[in-house]
Amino acid sequence: TWILRMRRFFCFHADRVVSNNGRRGGKMKFDKNKNFLIKEKELIQVLSNAFSRMLKRDIVLFDINPQERAFMHRFAFELHKEFSEAEEYEVEGKNILSLDVEYNRDGNWLKHEDPENPETHKWIAPDIILHERKSGEYEGAAKNRNNILALEMKRDGTSDGKDADRLKKFIEKRKYLYAIDFYRFAGNGDHEFNLYGQNLKQKKFRYNNNSNMFEEVWDEKNDFMYKG
């Protein structure tokens with residue numbers, strides 16, 4: 001019926017690329033207010049899909065351990081495959097969602113760590129973000145709409161660095177749904193990140209080479225399991 005067709009038109013669903021092990025990340029969609037929706041479980045699946053393909057396609061990078069930007073570029077390339085249909089979604093001829101690398105803008109201005117006090121902080125450029133460009137300039141409920149994911153990456157760092165503090169401010173000040181401190185992207189065989197989110201306690205994930213998935217793990221330093 002025409003009613004069913006209209007529902008399908010206004011509630012766009014974007015299926016992700018099937019991962020190497022055949023699993024999908026579920027379904028992601030935009031709601032009637034043009035907000036992009038993705039659950040934590042779906043995000044972890046998307047990250048696992050992209051990282052699994054990168055491990056297979058770009059194993060040489062992990063062998064020779066080049067500059068961080070080489071890893072960042074290839075990971076962003078694989079993430080784009082996961083979000084490509086969502087990025088192509090348009091309203092009135094305008095794309096809503098974009099995955100950007102080292103994006104240093106709030107609207108037309110430089111992005112600062114604290115948007116409420118820009119003069120007290122230098123400009124920043126997150127390694128990878130999934131967002132709606134210039135949404136910080138909107139008014140009311142649409143302000144900061146579709147600030148979905150901010151990700152910082154280190155080849156082999158620690159989980160208590162400056163990136164973690166910066167990402168927490170993305171959650172608090174810019175209302176990002178998720179932030180990821182990928183502090184050990186290519187270190188000694190372990191691939192680990194911390195996940196932050198709105199109304200979500202910090203969680204630690206490590207890549208499992210047997211399941212090809214990022215899995216929540218026990219935190220040895222604090223001796224407890226991160227729970228949401």
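On a predicted model such as this, the values are computed, not experimentally measured, just so you know.
Between Phe182 and Phe214, the distance from one ring center to the other falls under 6.0 angstrom. A distance below 6.0 Å separates the ring centres of Phe62 and Phe71. Ring centroids of Phe193 and Tyr183 are separated by 6.0 Å or more, keeping the two rings apart. A ring-centre distance under 6.0 Å is found for Phe51 and His191.
Taking the centre and axis of the six-membered ring of Tyr176, the NZ or CZ atom of Arg174 falls outside the cone set by 45° and 6.0 Å.
For the pair Gln198 (side chain) and Tyr178 (backbone), a donor-acceptor distance under 3.5 Å is absent. For the pair Asp181 (side chain) and Leu195 (backbone), a donor-acceptor distance under 3.5 Å is absent. Between the side chain of Asn208 and the backbone N or O of Asn210 there is at least one donor-acceptor pair closer than 3.5 Å. Distance alone, capped at 3.5 Å, places no donor-acceptor pair between the Asn212 side chain and the Ser52 backbone. Checked by atom type and distance alone, the side chain of Asp127 pairs as donor or acceptor with a backbone atom of Met153 at under 3.5 Å. A donor-acceptor contact shorter than 3.5 Å is absent between the side chain of Asn95 and the backbone of Leu97.
Val217 has its side chain out of reach of Phe205: every pair of non-hydrogen atoms, C-beta onward, lies at least 4.5 Å apart. Put simply, the side chain of Ile38 does not reach to within 4.5 Å of the side chain of Leu149, judged on heavy atoms. For the pair Glu102 and Arg69, the minimum side-chain heavy-atom distance is below 4.5 Å. Put simply, the side chain of Phe36 does not reach to within 4.5 Å of the side chain of Ile96, judged on heavy atoms. Using a 4.5 Å cut-off on side-chain heavy atoms (C-beta onward), Arg145 and Lys175 make no contact. In this structure, the side chains of Met54 and Leu61 come closer than 4.5 Å at one or more pairs of heavy atoms. Contact annotation: the side chain of His73 never approaches that of Val101 to less than 4.5 Å [non-hydrogen atoms, C-beta and beyond].
Rounding to the nearest 0.5 Å gives a distance of 8.0 Å between OH of Tyr89 and NZ of Lys34. Between the CG atom in Asp100 and the CD1 atom in Ile129 there is a gap of 5.5 Å [rounded to 0.5 Å]. Atom CG of Asn146 is separated from atom CG of Leu177 by 8.5 Å, given to the nearest 0.5 angstrom. For the atom pair CG (Leu47) and CG (Leu79), the distance works out to 6.0 Å, reported to the nearest 0.5 Å. Distance CD/Glu132 to NZ/Lys134: 11.5 Å, rounded to 0.5 Å.
No salt bridge links Glu78 with Arg57; every basic N to acidic carboxylate O contact stays at or beyond 4.0 Å. Taking 4.0 Å as the cut-off between side-chain N and carboxylate O, Arg206 and Glu192 count as a salt-bridged pair. Taking 4.0 Å as the cut-off between side-chain N and carboxylate O, Arg166 and Glu152 count as a salt-bridged pair. By the 4.0 Å N-to-carboxylate-O rule, Arg53 lies too far from Asp58 to be salt-bridged with it. Between Glu42 and Lys39 there is no salt bridge, since no side-chain nitrogen of the basic residue lies less than 4.0 Å from a carboxylate oxygen of the acidic one. A salt bridge is defined here as a Lys NZ or Arg NE, NH1 or NH2 lying under 4.0 Å from an Asp or Glu carboxylate O, and Glu40 with Lys203 meets this definition.
Between Pro66 and Arg155, the shortest heavy-atom distance links the atoms O-NH1, 2.8 Å. Closest of all the heavy-atom pairs between Gly197 and Ile171 is CA-CD1, 3.8 Å.
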**Request:** Check step by step if side-chain contact (heavy atoms from CB on, under 4.5 Å) holds for Leu37 and Asp31.
**Result:** CA-CA 7 Å; Leu37 308 176; Asp31 66 16; 4.1 Å; yes
**Message:** Between Ser135 and Asn147, does the side-chain contact (heavy atoms from CB on, under 4.5 Å) criterion hold? Intermediate values first, please.
**Reply:** CA-CA 8 Å; Ser135 66; Asn147 280 350; 3.7 Å; yes
**Prompt:** Step by step, would you call Glu215 with Ser211 a side-chain hydrogen bond (donor to acceptor under 3.5 Å, both in side chains)?
**Reply:** CA-CA 9 Å; Glu215 299 175 352; Ser211 65; 2.7 Å; yes
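No continuous path of hydrophobic side-chain contacts links Phe185 to Phe77 [ILVMFWY only; heavy atoms under 4.5 Å].
Remark: Asp156 pairs with Arg184, Asn188 by the side chain to side chain contact (heavy atoms under 4.5 Å, CB included) rule, at least two apart or across chains.
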